[in-house]
Protein chains: 2
Amino acid sequence: MSARPTVLLVEDEPAQREVLAYNLEAEGFDVVRACDGEEALLCVKEGLPDIIVLDWMMPGVSGIEVCRRLKSRPETRLIPVIMLSARSEEVDKVRGLETGADDYIVKPYSVAEFMARVRKELRRTRPSTVGEVLTYEDIELNSETHRVTRAGAELKLGPTEFRLLATFLEKPGRVFSRDQLLDRVWGRDIYVDTRTVDVHIGRLRKALTQFGGSDPLRTVRGAGYALG
Amino acid sequence: MSARPTVLLVEDEPAQREVLAYNLEAEGFDVVRACDGEEALLCVKEGLPDIIVLDWMMPGVSGIEVCRRLKSRPETRLIPVIMLSARSEEVDKVRGLETGADDYIVKPYSVAEFMARVRKELRRTRPSTVGEVLTYEDIELNSETHRVTRAGAELKLGPTEFRLLATFLEKPGRVFSRDQLLDRVWGRDIYVDTRTVDVHIGRLRKALTQFGGSDPLRTVRGAGYALG
DNA sequence: TAAAGCTGTTACATGGGTGTCACAAAAGCA
DNA sequence: TGCTTTTGTGACACCCATGTAACAGCTTTA
């Protein structure tokens with residue numbers, strides 16, 4: 001599956017948030033940041049993350065409430081949730097787990113401990129994540145060596161096409177809207193014309209079929225693109 | 001590699017120190033003693049030990065400071081460090097781990113436990129750190145003699161190029177970003193311009209091809225560099 | 001102490017990747 | 001069928017990432 005698991009990091013305090021984000025990104029995770037409960041729920045709706053790190057105390061919708069809602073919906077129930085809290089009382093811990101959180105970290109904690117917990121949860125729920133090779137049919141993308149092959153032949157594609165293909169390979173079959181692709185491939189704060197996506201899809205198609213083979217990309221009119 | 005691994009034992013209290021030294025020597029280790037942080041750093045500079053046992057509380061440069069310095073330098077980063085401390089508070093433990101210590105033993109401990117931890121760290125790190133010869137195709141790097149050859153001919157390269165090549169040789173094919181290379185080759189807390197990596201890549205390329213042969217380094221546009 | 005070697009920075013050339021546009025083609029819709 | 005909307009794609013100008021020479025500061029060596 002995904003070589004870059006997506007972590008939804010929900011923490012209202014900027015300093016804390018960025019420290020964790022820095023370490024997660026350094027380890028190769030895609031980090032989606034959220035500052036409060038409402039934003040968190042929105043992000044989950046946008047694109048399902050592979051794991052959620054949730055601060056307990058937040059303005060607005062609290063972490064505990066977010067967790068409760070996620071765990072009560074079938075489509076989000078299986079996403080592991082790690083709760084962060086400043087309170088160490090056993091009572092809180094119990095309540096945290098009762099809402100369905102999969103793990104619970106009490107501040108202060110070391111970054112090493114935090115990373116270990118995240119990896120543990122991901123190992124538990126996505127054993128296939130450990131491999132860094134994404135495949136779909138005869139297409140292989142190795143994110144470690146940055147090489148892409150189709151039916152054994154190496155394909156030459158630019159950085160943008162590479163990330164684009166990687167995005168599709170993470171969730172084969174899923175339809176990505178142009179805006180979602182811009183977010184994931186180009187970056188959240190980049191302003192680029194939507195049609196640029198079309199052009200790069202074209203380039204990716206050309207690259208994927210340069211040695212023959214059918215076009216694996218599907219255009220979903222009015223919605224976006226999908227792999228397979 | 002030496003049949004007798006060298007242990008650098010840093011402990012200011014003589015009784016403690018001699019008990020540990022006695023047991024280490026009985027098990028066939030070469031023991032180098034140091035009474036404080038400054039002496040410890042000097043010993044490390046003299047000749048790299050295979051493992052370091054470091055007392056937390058010491059006059060002058062503290063154990064935690066010694067550890068931090070060792071872990072921030074590429075040439076000493078891989079030496080395992082075991083911290084000894086009388087404090088068992090969680091806070092201290094966290095701080096100890098954040099400095100990069102590989103293990104942490106809280107006093108009082110049994111000698112058997114101590115020896116077990118030392119053996120464990122050596123088992124973990126020795127195969128890859130001590131006297132290993134790294135190869136890729138016709139390139140050979142001997143970390144013990146600090147010599148590099150290609151197709152049998154000895155290459156002359158500077159310290160930075162040496163560590164750079166060693167980094168690539170540890171994972172041939174893997175793409176390292178410039179930031180990752182700065183972390184691993186220069187050191188985590190060194191601030192150096194990213195482009196410096198490019199220059200040293202160029203120097204390494206020139207060194208590797210000075211007697212002919214193709215350039216084994218691959219530039220991955222927008223991502224970094226890789227060997228092969 | 002001088003010489004040699006190494007390092008990090010800067011500046012400049014260059015080539016390839018990028019985004020945008022315009023128009024063609026296709027797909028929906030009435 | 002005719003019209004509108006959406007998508008495919010060739011062309012092109014731009015500019016950013018990379019390669020590299022030059023240089024000054026620093027450390028090591030003779």
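In the text below, chain A, chain B and the rest are named by the order of the sequence lines, each starting its count at 1.
Of all the residues in residues 216-228 of chain B, Thr219(B), Val220(B), Arg221(B), Gly222(B), Tyr225(B) reach under 4.0 Å from DNA chain D with at least one non-hydrogen atom. Contacts of residues 155-165 of chain A with DNA chain C (heavy atom under 4.0 Å): Lys156(A), Pro159(A), Thr160(A), Glu161(A).
To the nearest 0.5 angstrom, Leu134(A) atom CG is 8.5 Å from Asn142(A) atom CG. Summarising the geometry, atom CG belonging to Asp183(B) is positioned 11.5 Å from atom CZ belonging to Phe176(B); distances are rounded to the nearest 0.5 Å.
Within the structure, ring pair (Phe, Tyr, Trp, His ring centres under 6.0 Å) contacts touching residues 139-163 of chain A (residues at least two apart or in different chains) are His146(A)-Phe162(A). Applying the salt bridge (charged side-chain N to carboxylate O under 4.0 Å, His left out) rule to pairs touching residues 164-175 of chain B yields nothing, sequence neighbours excluded.
Within the structure, every side-chain polar atom (N or O) of Trp186(A) is placed at least 4.0 Å from both OP1 and OP2 of dT18(C).
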Kindly give the atom pairs (protein nitrogen or oxygen, nucleotide nitrogen or oxygen) under 3.5 Å for nucleotides 20-24 of chain C.
| unit_1 | atom_1 | unit_2 | atom_2 | d |
| --- | --- | --- | --- | --- |
| dT20(C) | OP2 | Asp193(A) | N | 2.9 |
| dT20(C) | OP2 | Thr196(A) | OG1 | 2.7 |

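Remark: Asp12(A) engages Asp55(A), Met58(A), Pro59(A) in a side chain to side chain contact (heavy atoms under 4.5 Å, CB included) (not counting sequence neighbours). Contacts of Glu161(B) classified as side chain to side chain contact (heavy atoms under 4.5 Å, CB included), with partners at least two apart in sequence or in another chain: Leu157(B), His200(B), Arg203(B), Leu204(B). Taking Arg69(A) as the reference, Leu41(A), Val61(A), Glu65(A) meet the side chain to side chain contact (heavy atoms under 4.5 Å, CB included) condition, with sequence neighbours excluded. Partners of Glu18(A) according to the side chain to side chain contact (heavy atoms under 4.5 Å, CB included) rule, which considers only residues two or more places apart in sequence or in another chain, are Ala21(A), Arg33(A).
From the 5' end on, the contacts that DNA chain D makes with chain B at under 4.0 Å to a non-hydrogen atom open and close at dA17(D) to dA22(D).
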Using distance only, find each side-chain donor-acceptor pair of residues 216-228 of chain B under 3.5 Å and give its atom names and separation, not counting sequence neighbours.
| unit_1 | atom_1 | unit_2 | atom_2 | d |
| --- | --- | --- | --- | --- |
| Arg218(B) | NE | Gly228(B) | O | 2.9 |
| Arg218(B) | NH1 | Thr145(A) | O | 3.1 |
| Arg218(B) | NH2 | Thr145(A) | O | 2.9 |
| Arg218(B) | NH2 | Gly173(B) | O | 3.3 |
| Arg218(B) | NH2 | Gly228(B) | O | 3.3 |
| Thr219(B) | OG1 | Arg205(B) | NH2 | 2.7 |
| Tyr225(B) | OH | Arg178(B) | NH2 | 3.1 |

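Over its full length, the helix from dT1(C)-dA30(D) to dA30(C)-dT1(D) turns its helical axis through 30°, comparing axes from the five pairs at each end and rounding to 10°.
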